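Since the structure comes first, as structure tokens, the remarks are kept for the end.
In what follows, chains are A, B, ... by sequence order, proteins preceding strands, each numbered from 1. None of the values given here were measured: they were computed from a predicted structure.
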Amino acid sequence: MKNQPKNDQGGSDTATTNDNILRKAKLKKLSDLEQLGIEPFPHIFKPTHQAAALQKSYESLVAGEETQDKVIVAGRVMAARNNNMFIDLMDTTGSIQIFSHKDSMSPENMSLLDCLDLGDIIGVEGVIRRTPRGELSVRAYKITVLTKSLLPLPEKYHGLSDVEQRYRQRYVDLIVNESSRDVLRARSKIVSAVREYLDGIGALEVETPILHSILGGASAKPFVTTYNALDANFYLRVAPELYLKRLIVGGLSDAVYEIGRNFRNEGLSIKHNPEFTAVEGYHMYMDYSDIMDLIEDLVGHVVKKVHGTLEIEYDGQKINFAKPWKRRSMIDLVQDETGINFLEFDTAEQAHQAAAKLNLKLDPKLNWGQVVEQVFADRVEHKLIQPTHVTDYPFEISPLAKNSRLNPRLVERFETFVNGWEIANAFTELNDPRIQRERFLQQVEQRETGDEEAQMLDEDFITALEYGLPPTGGWGMGIDRLVILLTNSQNIREVLCFPTLRPLK
RNA sequence: GACUGCGUAGCUCAGCCGGUAGAGCACCUGACUUUUAAUCAGGUGGUCCUGGGUUCGAUCCCCAGCGCAGUCACCA
């Protein structure tokens, strides 16, 4: 990539690049400060006020008026005018102008102004006033350098827009791009709201292993790593599901949940990052209908917390999260779009023939359920803009879900779609150890025919089921996608603090 | 992984139908001193992503590589 800061040029006299010239200018000011007996990196400073709160409490202060209210603020110098007489100081809450005039500052302190650069972090003691031009300001009595910055900030008007650099050097992006800060702060708020809701219904937050010796809980390609001390290979988990259900078996709580990272060794896209955050929850004595209610309440709580209303706009499209959400079976939705009722086909061959009529090119090895899933993905998924629970999935693609009470070829599973994206996946949990073993064995068979994503037989999980998993409903939700929707972002990387990039060589 | 596009100053971007490059901001010097992307005058700053090839000459054309983006495939 271009424009990486070079770290090995600080002391070189032969340096001629602009990078070096800019850096040298700042190093000179740093040594000027030291000449003045000023420590450019002091240990501590205690501000008393923050910018946003000051802006709010002095909202009605009229232009030209000065108070006697003493404040101490601290932040980064983002802009300066009139030889640093006016400085825009930015802290984590907002900005406030600093006004430095010889009438209210010592000559020594005034000379410190000459050593300031954009990007420096300073502390300012002074009084609140509003300038005749109407800008709320701190008239400085004393300015303290808190941290000298040695690298130039990006352009003050256009900011930093090179996406690669924004993600590789998120700290620079965050300094100059308010929208980046807003998105990541909203993410934190969303995670808090999820936690708040689940704690509120009495669910217990737990942490289960990320290093798994047996792959399970979802159909996905894993990352593999080695643990030296045990001389054993581990998978980075693709889902925490099987461990969470073990905790329900153990009766740790009526409900448990985990918010954490899953890892899938698959491609990057605007919707996919190899490590992503999911929340999963398991609730005794609930079935998938109860979980649909729960998802609607949970997401509703989060949306309201972030937006104050249940109707949001994403990419110009209005999305309404008000209950109840549409609930419709996968088979019916496919029939709505294609006129084909796949339940009429008893064999995979018949399903393949039907799919072929729809001009779908499918791997001939796919079983009936996989064909239905592909037709659904191709014809239906992208049309599900408003929140929709798609219910009753084929059992072949749902090895951990309990069979349907209505049709043995289906299971009590649903996925929730918003804006054409799957955001949640849930089942009435399969708790019959005999059937679970069969399902695992079918997965193992698929694995042996080359399906890298098929799950493994987890004997200990079956043992847990043999001790008895009470009737339980479980669900998982992708946090990143929810954040994309609720922050009107276009890309998963925008909602990750540090998205995955190819390492620089 | 495949295809397409992009890579020029610290940042945001022009430009060159092949003759070694410009602007604004930032930075430096000076002026101004109640400014708001402050203003005015002057100045510094470039491996035009990297490596090959074609050419008298390549930042520009060709090939390969690296990085990024978008689309597709797998997936949440």
Side-chain angles (χ1 to χ4, degrees), chain A residues 1-6 15-26 28-29 63-64 66 78-88 95 97-103 117-119 129-137 139 150-169 172-173 175-177 218-221 238-239 262-280 361 363 373-374 377 381 415-417 421-425 451-453 476-482 484 490-493 499 501-505:
Chain A
M1 76 163 277
K2 58 177 184 174
N3 307 331
Q4 273 292 88
K6 293 140 185 105
T16 51
T17 67
N18 195 20
D19 210 8
N20 251 313
I21 288 162
L22 296 173
R23 189 185 167 83
K24 268 181 122 172
K26 289 173 188 283
K28 175 166 188 309
K29 289 181 184 175
E66 182 157 325
M78 294 304 289
R81 294 171 289 280
N82 290 45
N83 293 337
N84 290 347
M85 177 182 269
F86 300 96
I87 286 172
D88 290 344
S95 288
Q97 180 171 266
I98 306 302
F99 173 65
S100 303
H101 198 275
K102 57 180 183 330
D103 292 350
D117 284 307
L118 298 187
R129 65 188 293 253
R130 193 176 288 280
T131 64
R133 299 284 182 101
E135 190 70 37
L136 190 72
S137 305
R139 174 192 283 276
L150 298 180
L151 287 166
L153 289 178
E155 215 256 0
K156 65 183 170 188
Y157 187 60
H158 299 94
L160 182 66
S161 59
D162 182 281
V163 281
E164 180 179 2
Q165 200 172 349
R166 285 186 49 230
Y167 298 142
R168 288 208 191 270
Q169 294 183 277
V172 182
D173 179 40
I175 290 170
V176 297
N177 290 328
S219 301
K221 285 175 213 141
V238 295
N262 294 335
F263 304 83
R264 299 191 182 173
N265 208 335
E266 289 153 359
L268 290 157
S269 85
I270 55 171
K271 282 192 296 181
H272 299 89
N273 197 67
E275 50 180 305
F276 65 99
T277 300
V279 50
E280 281 200 15
K361 282 174 193 154
D363 183 342
E373 182 188 33
Q374 291 292 321
E381 220 174 87
E415 289 188 329
T416 305
F417 287 81
W421 304 345
E422 182 202 329
I423 63 158
N425 179 25
D451 185 350
E452 278 182 87
E453 294 177 4
M477 188 167 73
I479 294 285
D480 309 286
R481 287 190 181 177
L482 190 63
I484 294 173
Q490 297 300 312
N491 199 305
I492 193 170
R493 291 186 298 266
L501 295 171
R502 193 181 299 272
L504 292 173
K505 290 196 171 148

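Rounding to whole angstrom units, CD1 of residue A:Ile175 and C1' of B:C11 are separated by 13 Å. A:Leu136 has its CG atom 17 Å from the P atom of B:U36, to the nearest Å. Rounded to a whole Å, the NE2 atom of A:His158 is 12 Å from the C1' atom of B:A14. Distance, A:Asn82 CG to B:A31 P: 14 Å, rounded to whole Å. Rounded to whole angstrom, the span from the CZ atom of A:Arg81 across to the P atom of B:A37 amounts to 7 Å. The CE-P distance, from A:Met85 to B:U36, rounds to 13 Å in whole Å. A:Gln165 has its CD atom 14 Å from the C1' atom of B:C49, to the nearest Å. For the pair A:Asp103 CG and B:U33 C1', the computed distance is 12 Å after rounding to whole Å.
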Please list each protein N or O that sits under 3.5 Å from an N or O in nucleotides 26-29 of chain B, with the distance.
| from | atom 1 | to | atom 2 | distance (Å) |
| --- | --- | --- | --- | --- |
| B:A26 | OP1 | A:Lys156 | NZ | 2.8 |
| B:C28 | OP1 | A:Lys29 | NZ | 2.7 |

Can you tabulate the close N/O pairs, meaning under 3.5 Å, that link protein atoms to atoms of nucleotides 72-74 of chain B?
| from | atom 1 | to | atom 2 | distance (Å) |
| --- | --- | --- | --- | --- |
| B:C74 | O2' | A:Glu453 | OE2 | 2.6 |

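Using Watson-Crick or G-U wobble geometry with both donor-acceptor distances under 3.5 Å, B:A58 finds no partner in any strand shown. Using N1 to N3 plus N6-O4 or O6-N4 for Watson-Crick, or N1-O2 and O6-N3 for G-U wobble, each under 3.5 Å, B:A9 pairs with nothing. Across all strands shown, B:U39 pairs with B:A31; the Watson-Crick or G-U wobble distances both stay below 3.5 Å. Base pairing annotation: B:C48 forms no Watson-Crick or G-U wobble pair, as no partner gives both donor-acceptor distances under 3.5 Å. Using the Watson-Crick or G-U wobble rule with both distances under 3.5 Å, B:U20 pairs with nothing in any strand shown. Nucleotide B:G1 forms a pair with B:C72, judged by Watson-Crick or G-U wobble geometry with both contacts under 3.5 Å.
Not counting sequence neighbours, A:Lys221 has no partner by the side-chain hydrogen bond (donor to acceptor under 3.5 Å, both in side chains) test. Residues that satisfy the side chain to side chain contact (heavy atoms under 4.5 Å, CB included) test with A:Glu373, not counting sequence neighbours, are A:Ile397. With sequence neighbours left out, the side chain to side chain contact (heavy atoms under 4.5 Å, CB included) criterion links A:Leu501 to A:Tyr167, A:Arg168. Checked against side chain to side chain contact (heavy atoms under 4.5 Å, CB included), A:Glu66 has the following partners two or more places apart in sequence or in another chain: A:Val127, A:Arg129, A:Arg139. For the side-chain hydrogen bond (donor to acceptor under 3.5 Å, both in side chains) test, no residue two or more places apart in sequence or in another chain qualifies with A:Lys271. Taking A:His101 as the reference, A:Phe99 meet the ring-ring contact (aromatic ring centres under 6.0 Å, His included) condition, with sequence neighbours excluded. Checked against side chain to side chain contact (heavy atoms under 4.5 Å, CB included), A:Gln97 has the following partners two or more places apart in sequence or in another chain: A:Arg81, A:Phe86, A:Asp88, A:Thr131, A:Glu135, A:Ser137.
Closest to the A:Pro154 side chain, of the nucleotides B:C11, B:U36, B:A69, is B:C11. In this structure, of B:C68, B:U71, B:C13, it is B:C68 that holds the atom nearest to the side chain of A:Leu501. For A:Glu164, counting side-chain heavy atoms from C-beta on, the closest listed nucleotide (B:U34, B:C68, B:U36) is B:C68. Taking the side chain of A:Phe86 as heavy atoms from C-beta on, and the options B:C11, B:U12, B:U34, the nearest nucleotide is B:U34. Residue A:Leu160 places its side chain closer to B:C11 than to any other of B:G67, B:C11, B:U34.
Contact of the A:Ile492 side chain with the A:Ile270 side chain is not registered, since no non-hydrogen atoms from C-beta on lie closer than 4.5 Å. At least one side-chain heavy atom of A:Leu153 sits under 4.5 Å from a side-chain heavy atom of A:Met78. Side-chain contact between A:Pro274 and A:Asn265 is absent, with no heavy-atom pair separated by less than 4.5 Å.
Side-chain N/O atoms of A:Arg168 include one lying less than 4.0 angstrom from OP1 or OP2 on B:C68. One finds a side-chain N or O of A:Ser161 lying less than 4.0 angstrom from the OP1 or OP2 phosphate oxygen of B:C13. Between A:Arg166 and B:A69 there is no side-chain polar atom (N or O) within less than 4.0 angstrom of OP1 or OP2. Considering only side-chain N and O atoms, A:Arg129 lies nowhere under 4.0 angstrom from the phosphate OP1 or OP2 of B:U34. Using a 4.0 Å cut-off, some side-chain N or O of A:Arg502 falls inside it from OP1 or OP2 of B:C68.
Closest-nucleotide positions on RNA chain B for A:Thr131 and A:Ala79 were compared, and the one nearer the 5' end corresponds to A:Thr131. Mapping A:Tyr157 and A:Phe99 onto RNA chain B by nearest heavy atom places A:Phe99 closer to the 5' end of the strand.
Look at the P atom in both B:C28 and B:A2: the space between them is 48 Å, to the nearest Å. The gap from the C1' atom of B:G15 to that of B:G70 amounts to 26 Å, rounded to the nearest Å. Distance noted for atom C1' between B:C13 and B:U29: 27 Å (whole Å). The same atom, C1', is picked in B:C60 and in B:G18; the two are 6 Å apart, to the nearest Å.
When atom types are taken as modelled, the side chain of A:Asn491 and the backbone of A:Arg493 share a donor-acceptor pair closer than 3.5 angstrom. The closest donor-acceptor contact from the side chain of A:Asp480 to the backbone of A:Thr277 lies under 3.5 Å.
Looking at heavy-atom distances under 4.0 Å, A:Gly476 makes no contact with the nucleic acid at all.
In this structure B:U59 sits in the anti conformation; its chi angle is more than 90° from 0.
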